[in-house]
Amino acid sequence: MTQDRPGYDDTPMIPGSSYRVHDKARPRPRVVAPGAENHLPPSDAVVLFDGADLSGWRGRDGAAQWKVENGYMEVLPGTGGIESKTHFGDCQLHIEWAAPAVVKGESQGRGNSGVFLMGRYEIQVLDCYDNPTYADGTTAAIYGEYPPLVNACRQPGAWQSYDIVWKGPRFDGDTLIRPAAVTVFHNGVLVHLDQPLIGPTGHRNVYAYEPQPETGPLALQDHGDLVRFRNIWYRPLTNYDEGGA
Ligand code: MG
């Protein structure tokens, strides 16, 4: 049965927020229709997936098992998430994805995957085209923390893009001195602006930061749906100057 108001009312409060994690009462982002273009890599990009093979990726049990065809990879349900062999930190990241053209399931059960920065911080991948779900689980949400500013989803089967500017957390020993922060464009539409993260991603819960290296893999989620990815590249923020001490 379709839930008009998917979500929860028994989860922890999100720190600094008046909403619970995956709060069913949190207002859902308004819908915006994006423009038509995605982006090919610039000359200084590090290409993580060019459509040919998964040699740059590893899976749960070794080699990544996902299907590669026609220039894209596709989740092979049950084989687990995959992650890039390359570890990197602060960056500009581009990734394209497509939810299955054949619509199946609802709410979080429709075209679910995820882009995990440094392997732990999820930008949600979901088919939210005419598919109500809880706000902080919307497409391009910082899952469980912040809904996107708007819902810029294309229809299922269409290629969509995320352009992400990622600044990882910094620690001094065990002490967090700077939370991670992220800017995200979904299909060219701004959905997060330098948004500090509360902590690593969880489901139905809130997690605190734990000390970690300044680099990590890009991980993609197997949530059981036939989501496709292509044209994945990043640029390290080597010219990025935080200013001040
Ligand atoms: Mg997900």
Side-chain angles (χ1 to χ4, degrees), residues 1-34 93 95 97-100 103-117 120-156 158 160-167 179-209 219-225 227:
M1 192 175 73
T2 299
Q3 270 186 289
D4 288 338
R5 207 73 217 180
Y8 300 89
D9 57 14
D10 61 350
T11 44
M13 297 301 294
I14 295 174
S17 170
S18 57
Y19 295 107
R20 297 177 182 280
V21 175
H22 318 320
D23 200 322
K24 57 166 50 172
R26 195 169 186 171
R28 294 199 292 257
R30 69 188 166 88
V31 171
V32 167
L93 175 76
I95 184 165
W97 58 273
V103 173
K104 185 164 91 54
E106 60 189 29
S107 185
Q108 295 290 301
R110 185 181 298 181
N112 194 333
S113 183
V115 172
F116 282 75
L117 295 146
R120 335 184 165 197
Y121 307 94
E122 184 182 15
I123 305 300
Q124 173 71 311
V125 169
L126 192 74
D127 175 10
C128 270
Y129 189 88
D130 194 21
N131 177 32
T133 192
Y134 47 80
D136 69 22
T138 303
T139 314
I142 301 169
Y143 187 78
E145 297 189 4
Y146 297 98
L149 296 172
V150 295
N151 174 355
C153 264
R154 294 192 170 120
Q155 60 193 3
Q160 314 204 34
S161 64
Y162 287 164
D163 287 283
I164 296 170
V165 181
W166 173 253
K167 296 185 292 183
V182 71
T183 297
V184 180
F185 293 86
H186 178 198
N187 296 328
V189 180
L190 182 71
V191 291
H192 299 286
L193 178 58
D194 207 20
Q195 175 64 57
L197 273 66
I198 295 165
T201 299
H203 179 59
R204 300 193 63 172
N205 213 337
V206 173
Y207 294 94
Y209 284 99
L220 304 175
Q221 185 182 43
D222 170 11
H223 203 283
D225 296 330
V227 176

No-hydrogen, no-angle side-chain donor-acceptor test under 3.5 Å, N151 and R28: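 The answer is no; no qualifying pair exists.
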
Closest approach of [X] to [Y] (non-hydrogen atoms, all atoms of both residues):
X    : Y    : answer
A141 : P147 : CB-CA, 4.2 Å
V191 : A140 : CG2-CB, 4.0 Å
P156 : P100 : CB-O, 3.3 Å
D194 : P196 : O-CD, 3.2 Å
P34  : A152 : CG-O, 3.5 Å

Within the side chain of [X], is there an N or O that forms a donor-acceptor pair under 3.5 Å with the backbone of [Y]?
X    : Y    : value
Q124 : G114 : no
H192 : F185 : no
T11  : R204 : no
T139 : L126 : yes
R20  : P12  : no
D136 : H22  : yes
S17  : Y19  : yes
N131 : C128 : no
Y209 : L197 : yes
D225 : G111 : yes

Hey, can you tell me if H203 and Y8 have their rings parallel, tilted or perpendicular (30° and 60° cut-offs)?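 Because their plane-to-plane angle is over 60°, the rings of H203 and Y8 count as perpendicular.
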
Separation between [atom1] of [X] and [atom2] of [Y], rounded to the nearest 0.5 Å:
X    : Y    : atom1 : atom2 : value
L190 : L149 : CG    : CG    : 5.5 Å
S18  : D23  : OG    : CG    : 8.0 Å
Q160 : R154 : CD    : CZ    : 6.5 Å
L93  : D163 : CG    : CG    : 8.0 Å
L117 : W166 : CG    : CH2   : 5.0 Å
L220 : W97  : CG    : CH2   : 12.5 Å

Should we count CZ of F116 as having more than 12 external heavy atoms under 6.0 Å?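 Atom CZ in F116 is packed in, count exceeds 12.
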
So with a 6.0 Å cut-off around CG of N205, is the heavy-atom count from everything else above 12?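 Counting neighbours around CG of N205, more than 12 heavy atoms of other residues, nucleotides or ligands fall under 6.0 Å, so yes.
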
Please report the C-alpha distance between Q108 and T133 in whole Å, then the side-chain angles of each, then the deciding distance to 0.1 Å, and finally whether the side chain to side chain donor-acceptor pair (under 3.5 Å) criterion is met. CA-CA 7 Å; Q108 295 290 301; T133 192; 2.8 Å; yes

Within a strict 4.5 Å, meaning less than it, do heavy atoms of the [X] and [Y] side chains meet?
X    : Y    : value
H186 : S161 : no
Q221 : E122 : yes
V31  : V150 : no
I123 : Y162 : yes

With sequence neighbours excluded, residues passing side chain to side chain contact (heavy atoms under 4.5 Å, CB included) with I198: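 Applying side chain to side chain contact (heavy atoms under 4.5 Å, CB included) to I198 gives I14, P15, E145, Y146, V206.
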
